[in-house]
Number of protein chains: 2
Amino acid sequence: MRQPTLEEVAARAGVSKMTASRALRGARDVSAASIEKVKIAAEQLGYVGNQLALSLSSRRTNLIGVVIPSMSNIVFPEVLGGIISGLEGSGLQPVFGVSDYDLDKERDIIRNMLSWQPAALIITGLDQPEETRKLLRQSDIPVIQIMDLDGEPIDFVVGLSHTQAGREMAEAILASGRKRIGYIGSAVDRDRRAIKRRAGFEAALQDNGLTFVSVETSLDASSSRLGRDLTERLLARHPDLDCIYCSNDDMAAGSLFACMKLGRAVPDDILIAGFNGLEITSALPVRIATSTSPRRAIGEQAAQLALAAMNGNRKDLARRIELLAEITLGDAEK
Amino acid sequence: MRQPTLEEVAARAGVSKMTASRALRGARDVSAASIEKVKIAAEQLGYVGNQLALSLSSRRTNLIGVVIPSMSNIVFPEVLGGIISGLEGSGLQPVFGVSDYDLDKERDIIRNMLSWQPAALIITGLDQPEETRKLLRQSDIPVIQIMDLDGEPIDFVVGLSHTQAGREMAEAILASGRKRIGYIGSAVDRDRRAIKRRAGFEAALQDNGLTFVSVETSLDASSSRLGRDLTERLLARHPDLDCIYCSNDDMAAGSLFACMKLGRAVPDDILIAGFNGLEITSALPVRIATSTSPRRAIGEQAAQLALAAMNGNRKDLARRIELLAEITLGDAEK
DNA sequence: TTGAAAGCGCTAACAT
DNA sequence: ATGTTAGCGCTTTCAA
């Protein structure tokens, strides 16, 4: 059995398609009697409407395309949560794609999304290759890039500087007197924001005449297990480290667990630092150092920016919205 | 500047709309010369295509609607990952909605999704009220319910019995000799699968003449922080517990952290049990007890079932696919 | 306040 | 191998 169409609703209500359409959309210029009749008919038939026809006809959709690099890192679902909440009540429907940190895949996803004529696009990062940027520029729909800030946005960007976040963490750690610092990294070939944090961190070390004493990295995605394994390897070679900077909090949690197993006192003996301020950092037996990324706020602001760009004048809107990461040394805080 | 249409591509290539359409879709009955001309024209114009028109005209979309209850519990993004992977190469595009465990919100999301004429719908749980079920039955598209197994599916269900998972964990724990068991629960008003696990666990206790010594619950969403706080409260009142069953692994991790802070030996002194088999359980300094839910497999199988139901004969497909949770007592394993 | 006509951009079905 | 016609289900536009 086919879905009933507007035409059938109209027939049953004894009015024209147009009157039925207006009644269902809550237009003003319709008599109360018509509205009543149409609503009843729609209810009886179980009318649902057809967005394909609606959108094709009206030449606009209520779709917002969202592309994130990963689903298995809780940070991105949290950003999505922020986007959903920022879109609440707007009638806009987010559509997601996951790129697996693959820029070619990202381009394909974006191309596919564009064919749905979305009202706006929210994509992660600023490092899209020219081919993708061209696709987006041609489309003429507002593009909001999120999470990063180090680079040039296509239209708008909402994020934070990871280079600076890395630098600030290094400075705080150095200020606490640590000197023999190691690094553990995940997905080192593709997590571009982690690479920026590391670069910022290293730049600050260099300013102080230091470098990482040792580095352990992997191509695997970040996980607490990986953090634990890389830490064990790192400490086996360099037991005298007094700090480990981790590519993110998943890694840092694992790093902490490794230290606990090895009987290393955190943070007195060795300081563990991550990035994101995941919920778990507030429950760990020891508070590690971390920068709390405003990821939910990024999602919300991006959603609101998308709404504003769709409606108002795009030129009037701020191109760059910088949100700050809040740094803490955890239990090593003086 | 408007997006170029197929008509414009055809004109530039010097062929009809239909030939252009066929060429772009890789149809057989088109000359190599036409294909070449059309592809070049499309490339030059930056043609993207319009899925709205395509789907309206062909009366089928490549959309799969997916409704999950939460984004902040990593389990559901992992299911989405499984769905995405199961859909890979099929040309199908998942569209997500998050219900916040709210059945009214879920109904609205489903209604909205139906208006996009999806090829199939994947929704979480079996506990939809009659109104939602009616909506889905009327739509005549395949509905795959996931995660649960305790109840009657609309069309298909892929999941596991949480009642049984709870029962099995209780039996394993009792077999290990524990007798004074407490429970901590999150989102107790809405996490219906956690409620089923608890019920199964309690049923097994009862079979052995036992009950929970004490219970601490909260309306808040599960988190390691909540697990830690509830455990502290529970142990303050009942320091003699020899086991705590937690609503899930996030809670259990927090519970473990609380025990570590309190200097309680896990698992010798007190056994901590959760549910899901989250990645973190493999990195914790102590292995807790947990049931590893096959959540990624559920996503993949649901996706494949959706594909099969769209193409083949729905009647030929298994209505219920049961996947098993793998139980472990962690370091308490004999 | 209501309706009729036209058309959104594409494909199915039927030509040729 | 290619083109023509009709139409998907709705809204826009214009007229009444």
Side-chain angles (χ1 to χ4, degrees), chain A residues 1-39 41-42 45-63 91 112 114-119 139-140, chain B residues 1-39 41-42 45-63 91 112 114-119 139-140:
Chain A
M1 71 192 166
R2 234 183 54 280
Q3 290 281 343
T5 67
L6 183 62
E7 180 120 46
E8 297 170 83
V9 173
R12 178 175 257 257
V15 297
S16 74
K17 256 179 8 177
M18 266 324 296
T19 302
S21 169
R22 291 195 260 249
L24 255 14
R25 281 181 295 163
R28 299 147 296 132
D29 292 344
V30 191
S31 70
S34 296
I35 292 181
E36 183 66 10
K37 282 187 295 179
V38 171
K39 292 227 155 138
L45 291 174
Y47 177 71
V48 175
N50 185 329
Q51 283 284 349
L52 298 170
L54 190 164
S55 297
L56 179 62
S57 171
S58 63
R59 263 173 283 194
R60 59 194 160 66
T61 68
N62 62 352
L63 262 23
N112 187 267
L114 287 176
S115 72
W116 283 100
Q117 321 288 119
S139 77
D140 200 40
Chain B
M1 67 191 168
R2 230 181 59 279
Q3 289 282 341
T5 67
L6 183 62
E7 180 121 44
E8 297 170 83
V9 173
R12 179 175 256 258
V15 297
S16 75
K17 260 183 357 180
M18 266 322 293
T19 301
S21 168
R22 290 195 260 250
L24 255 14
R25 280 181 295 163
R28 302 144 297 131
D29 293 344
V30 190
S31 70
S34 296
I35 293 180
E36 182 67 11
K37 283 188 296 183
V38 171
K39 292 227 156 139
L45 292 174
Y47 177 71
V48 175
N50 185 328
Q51 283 282 351
L52 298 170
L54 191 164
S55 297
L56 180 61
S57 171
S58 63
R59 262 175 281 197
R60 57 193 162 66
T61 67
N62 62 352
L63 263 23
N112 188 268
L114 287 176
S115 72
W116 283 100
Q117 323 286 117
S139 77
D140 199 40

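Quick note on labels: first sequence line is chain A, next is B, and so on, each numbered from 1.
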Inset, instruction - Please state whether the phosphate of dG3(D), meaning OP1 or OP2, lies under 4.0 angstrom from any side-chain nitrogen or oxygen of Thr19(B). - result: yes

Inset, instruction - Give one of base, sugar-phosphate or nothing for Ser55(B), where a contact means two heavy atoms less than 4.0 Å apart. - result: nothing

Legend entry - Leu52(B) side chain near Gln117(A) side chain, heavy-atom distance below 4.5 Å: yes

Inset, instruction - Establish, with yes or no, whether the OP1 or OP2 oxygen of dA12(C) is under 4.0 angstrom from a side-chain nitrogen or oxygen of Ser57(B). - result: no

Legend entry - Length of the line joining Lys17(A):NZ and dG7(C):P, which is rounded to integer Å: 14 Å

Inset, instruction - Could you tell me whether the side chain of Asn50(B) reaches within less than 4.5 Å of the side chain of Thr5(B), counting heavy atoms only? - result: no

Inset, instruction - Identify whether any heavy atom of Asn50(B) sits under 4.0 Å from a base atom; if not, whether one sits that close to sugar-phosphate; answer base, sugar-phosphate or nothing. - result: sugar-phosphate

Inset, instruction - Would you mind telling me which residue lines up with the more 5' stretch of DNA chain D, Ser31(B) or Val48(A), judged by nearest nucleotide? - result: Ser31(B)

Inset, instruction - Mark yes or no for whether Ser55(B), through its side chain, and Gln51(B), through its backbone, hold a donor-acceptor pair below 3.5 Å. - result: yes

Inset, instruction - Would you please confirm or rule out a distance under 4.0 Å between OP1 or OP2 of dT2(C) and any side-chain N or O of Ser34(A)? - result: yes

Inset, instruction - In whole angstrom, give the distance that lies between atom CG of Leu6(B) and atom P of dA12(C). - result: 13 Å

Legend entry - Per Arg25(A) side chain, nearest of listed nucleotides dC10(D), dA12(C), dT12(D): dT12(D)

Legend entry - Side chain proximity check, Arg22(B) to Asp29(B), heavy atoms < 4.5 angstrom: no

Legend entry - Nearest-Å distance for atom pair CE/C1', residues Met18(B) and dT16(C): 14 Å

Inset, instruction - Report yes if a side-chain nitrogen or oxygen of Tyr47(B) is closer than 4.0 Å to either non-bridging phosphate oxygen (OP1 or OP2) of dG9(C); otherwise report no. - result: no

Inset, instruction - Look at all strands and tell whether Leu56(B) reaches a base, only sugar-phosphate, or nothing, counting heavy atoms closer than 4.0 Å. - result: base

Inset, instruction - Working to the nearest 0.5 Å, report the span between OG1 of Thr61(B) and CH2 of Trp116(B). - result: 10.0 Å

Inset, instruction - Could you state the atom-to-atom distance from CH2 of Trp116(B) to C1' of dC10(D) in whole Å? - result: 12 Å

Inset, instruction - Verify the contact: side-chain N or O of Arg59(A) to OP1 or OP2 of dT12(D), cut-off strictly under 4.0 Å; return yes or no. - result: no

Legend entry - Touch class at under 4.0 angstrom, heavy-atom based, for Arg22(B) against every strand present: base

Legend entry - Gap between atoms CD and C1', on Gln3(B) and dC8(C) respectively (whole Å): 15 Å

Legend entry - Nearest-nucleotide comparison on DNA chain C, the residue closer to the 5′ end among Ser21(B) and Gly14(A): Gly14(A)

Inset, instruction - Evaluate the side-chain proximity of Ser21(B) to Leu6(B): yes if any heavy-atom separation is below 4.5 Å, no if none is. - result: yes

Inset, instruction - Quickly work out the Asp29(B) CG to dA13(C) P distance and round it to whole Å. - result: 15 Å

Legend entry - Below 4.0 Å: OP1/OP2 of dG9(C) and any side-chain N or O of Thr5(B): no

Legend entry - Ser58(B) side chain near dT11(C) phosphate (N/O to OP1/OP2, under 4.0 Å): no

Legend entry - For atom CG of Leu52(B) and atom C1' of dT11(D), their distance in whole Å: 14 Å

Legend entry - Whole-Å gap separating P (dT4(D)) and CD (Glu7(B)): 11 Å

Inset, instruction - Check whether any side-chain nitrogen or oxygen of Ser16(A) sits under 4.0 Å from OP1 or OP2 of dT2(C), and answer yes or no. - result: no

